[in-house]
Amino acid sequence: MRIASWNVNSIKAHLGAVTSWLKEREPDVVCLQELKCVDEAFPRTEIEDLGYNVAVHGQKTYNGVAILSKNPIDEAKPRLPGDEDDAHARYIEATISTTDGAVRVASIYLPNGNPIGTDKFKYKLAWMDRLAAHARELLAQEEPLVLAGDFNVIPTPLDAEFPDKWTDDALFQPESRAKLRELVSLGFTDALRAVHDGKGLYTFWDYQAGAFQKNNGIRIDHLLLSPKAADRLQSVGIDKKVRAAEKPSDHVPIFADLRFATR
DNA sequence: ATGGCTGAAGCATTCAGA
């Protein structure tokens, strides 16, 4: 089973890139972030025509997350528990059934948190606390679980081409990194780092100043695997080349192949 | 030292992103 995550930076603006990539990469499950549209405006038909079931938690202009799955989506739940008053559409979770058992998947768009020293940064840290609390509950169920999304945290200096440029940024604050470590330490495996060492593996390049041409990137899109998902991990990839296309999203897809007898 | 670009909303310019 191939599970992918991609911050598409507006599903309407980049639908062509998404459908081309779906056809080429053939993921079984896809977690999308930054849809920037309400549920009714999501291009459901275009995605369903490629063989996917769709669960959307949208929002006008900002945020918005979705889960696409070739296997049936049994249950989809928007929002983290306790976030009923949060207007931001940043989380949707679904259970996907396969002939080889169920897997639970969450599509996560963690707050950016810039600039530091503001309520936006406090909101980011509080959101991370709520995510960790929920993740702890999910882990207790001891099922295959994948937390997939744009976590807006650079885990370590290895995950930025120029880490010194990010010292004043919310994505690289010690508090942000500590909270990501606390989440992972509940029992998750960072899928990419389980398979690949070293520098130069990025999922985001700014649109400005030729960042992609300079490979001035950061790794902020992550796939966190519960123990029963990590046991099945075969390989992980980053589709860097989609960033070089015309009018790309500023993020690229990351995907993991798990040993699941699907379809 | 700073900003650079992109998308949405909406029609000039602001907000947000990271």
Side-chain angles (χ1 to χ4, degrees), chain A residues 5-19 21 31-43 56-66 86-91 107-128 131 148-177 179-180 192 200-222 238 240 242-254:
Chain A
S5 179
W6 193 4
N7 177 324
V8 293
N9 187 19
S10 168
I11 187 65
K12 283 187 274 188
H14 299 120
L15 180 60
V18 171
T19 55
W21 171 78
C31 295
L32 300 176
Q33 301 87 34
E34 270 208 276
L35 304 176
K36 295 186 174 179
C37 69
V38 295
D39 292 9
E40 298 73 31
F42 186 88
V56 183
H57 178 39
Q59 181 184 338
K60 185 179 168 73
T61 310
Y62 305 115
N63 310 315
V65 286
D86 189 344
H88 294 205
R90 296 182 176 275
Y91 184 91
S107 182
I108 292 166
Y109 180 43
L110 214 144
N112 172 302
N114 277 306
I116 58 173
T118 67
D119 285 346
K120 290 188 173 187
F121 189 60
K122 286 183 195 154
Y123 172 71
K124 176 186 190 127
L125 298 179
W127 206 96
M128 294 184 84
L131 176 61
D150 176 1
F151 286 73
N152 268 320
V153 178
I154 303 165
T156 76
L158 269 186
D159 300 305
E161 185 70 11
F162 303 108
D164 292 350
K165 289 181 186 279
W166 297 93
T167 49
D168 294 328
D169 195 285
L171 279 60
F172 199 50
Q173 286 310 291
E175 298 97 318
S176 310
R177 293 169 57 191
K179 287 205 184 289
L180 182 64
L192 185 113
L201 298 165
Y202 308 127
T203 63
F204 169 89
W205 296 262
D206 200 287
Y207 287 125
Q208 302 182 63
F212 185 64
Q213 287 69 27
K214 298 171 191 165
N215 200 28
N216 175 13
I218 50 177
R219 188 175 74 93
I220 55 175
D221 299 86
H222 307 302
I238 295 172
K240 182 175 181 179
V242 307
R243 185 64 178 78
E246 282 281 307
K247 299 271 289 176
S249 168
D250 40 8
H251 297 248
V252 298
I254 178 171

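Throughout, a chain's letter reflects where its sequence line sits, starting with A, and its residues are numbered from 1. If you're wondering where the values come from, they're calculated on a predicted model, not measured in any experiment. As a basis for the values below, the full set of heavy atoms in this structure was taken, side chains included, without hydrogen atoms, waters or symmetry mates.
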Apply side chain to side chain contact (heavy atoms under 4.5 Å, CB included) to Cys37(A) and Lys60(A), showing your working.
CA-CA 5 Å; Cys37(A) 69; Lys60(A) 185 179 168 73; over 6 Å; no

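Rounded to the nearest Å, the gap between the C1' atom of dA8(B) and that of dG3(B) is 22 Å. Taking the P atom of each, dT6(B) and dG10(B) are spaced 22 Å apart, rounded to whole Å. Of the P atoms belonging to dT2(B) and dT13(B), the separation is 25 Å, rounded to the nearest Å. The gap from the C1' atom of dA1(B) to that of dA12(B) amounts to 29 Å, rounded to the nearest Å. Across dG7(B) and dA18(B), the matching P atoms stand 14 Å from one another, rounded to whole Å.
Judged as a side chain to side chain donor-acceptor pair (under 3.5 Å), the pairs with a partner in residues 160-171 of chain A (not counting sequence neighbours) are, in order, Asn114(A)-Asp169(A), Glu161(A)-Tyr202(A).
One can place NZ of Lys165(A) at 13 Å from P of dG3(B), the figure rounded to the nearest angstrom. Tyr202(A) has its OH atom 18 Å from the P atom of dA18(B), to the nearest Å. At whole-Å resolution of the value, CG in Asp168(A) and P in dT2(B) are 11 Å apart. Taking atom CG of Asp169(A) as the reference point, atom P of dG3(B) lies 14 Å away to the nearest angstrom. One interatomic measurement links the two molecules: CG of Asp221(A) to C1' of dA18(B), which rounds to 11 Å at whole-angstrom precision.
Comparing Leu171(A) and Lys214(A) by the nucleotide of DNA chain B whose heavy atom lies nearest to each, the residue mapping closer to the 5' end is Lys214(A).
Using cut-offs of 30° and 60° for the angle between ring planes, the His222(A) and Phe151(A) rings count as tilted.
Residue His14(A) has a polar side-chain atom (N or O) positioned under 4.0 Å from OP1 or OP2 of dG7(B). Contact annotation: Lys247(A) does not reach the phosphate of dC5(B) (side-chain N/O to OP1 or OP2, under 4.0 Å).
Applying the salt bridge (Lys or Arg N to Asp or Glu O under 4.0 Å) criterion to Asp86(A), with sequence neighbours excluded, gives Arg130(A).
Side-chain contact annotation: Asp221(A) with Thr203(A), donor-acceptor N/O pair under 3.5 Å present.
Here Tyr123(A) and His88(A) bring their ring centres to under 6.0 angstrom of each other.
Contact between Asn152(A) and Leu171(A) at its shortest, heavy atoms only, is O-CG, 3.3 Å.
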Nucleotide N/O to protein N/O under 3.5 Å, stretch nucleotides 9-17 of chain B:
from: dA9(B); atom 1: OP1; to: Thr61(A); atom 2: OG1; distance (Å): 3.4

